[in-house]
Amino acid sequence: MIKKLQRVTARLEKYERMKTGGAPMPGVVVGVKVKPGDAVKEGDPLMVVSAMKMETTIPAPMAGTVASLRCNPGDKVDADDLLVQIDEE
């Protein structure tokens, strides 16, 4: 029962991370494309992260309103770090 609960909890945590803009890999934030209060559509660019000399644009996982930014340009981030909190429409 405990292992099943742990699996369910892990899935819920993964789902919650998907509802926010999270870092896909460790790197450095090199650009912020939104600010709190901005309305975004699914796929809109949120931030740009540089890792190993390659830049990756972080897209909005859903439509909504940017509630908060959790990092700034120059900040180092780890994989799955929360970068942007989005409130669903």
Side-chain angles (χ1 to χ4, degrees):
M1 179 71 169
I2 291 176
K3 288 191 185 250
K4 184 176 181 181
L5 182 59
Q6 289 172 334
R7 285 193 305 269
V8 170
T9 301
R11 281 191 218 129
L12 287 172
E13 289 172 353
K14 183 176 181 181
Y15 174 73
E16 284 301 313
R17 280 196 305 271
M18 287 171 39
K19 289 176 36 180
T20 59
M25 66 189 96
V28 177
V29 176
V30 295
V32 178
K33 306 287 186 181
V34 294
K35 61 185 181 303
D38 285 355
V40 294
K41 297 179 290 193
E42 184 175 344
D44 283 354
L46 300 175
M47 292 196 175
V48 179
V49 175
S50 176
M52 298 173 45
K53 298 183 182 181
M54 188 172 76
E55 291 187 353
T56 302
T57 300
I58 310 302
M62 64 184 177
T65 303
V66 176
S68 65
L69 300 176
R70 303 295 176 99
C71 58
N72 298 300
D75 289 352
K76 291 183 181 179
V77 295
D78 289 322
D80 292 329
D81 278 357
L82 178 62
L83 304 179
V84 180
Q85 179 69 45
I86 300 172
D87 290 337
E88 288 183 273
E89 291 184 332

Inset, instruction - Mind listing the closest non-hydrogen atom pair of A67 and P36 along with its distance? - result: O-CB, 4.0 Å
Legend entry - Residue pair A51 / G27: nearest heavy atoms and the distance that separates them: CB-CA, 4.2 Å
Legend entry - Within one Ile-Leu-Val-Met-Phe-Trp-Tyr cluster: V30 and L69, side-chain cutoff 4.5 Å: no
Determine all donor-acceptor pairs shorter than 3.5 Å in which one atom belongs to a side chain in residues 37-50; sequence neighbours excluded.
unit_1 : atom_1 : unit_2 : atom_2 : d
D38    : OD1    : K35    : NZ     : 3.2
D38    : OD2    : K35    : N      : 2.9
D44    : OD2    : K41    : N      : 2.8

Legend entry - Linked, directly or transitively: V28 and L83 (ILVMFWY side chains, under 4.5 Å): no
Legend entry - Spatial distance of atom CE (M62) from atom CD1 (I86) [nearest 0.5 Å]: 5.0 Å
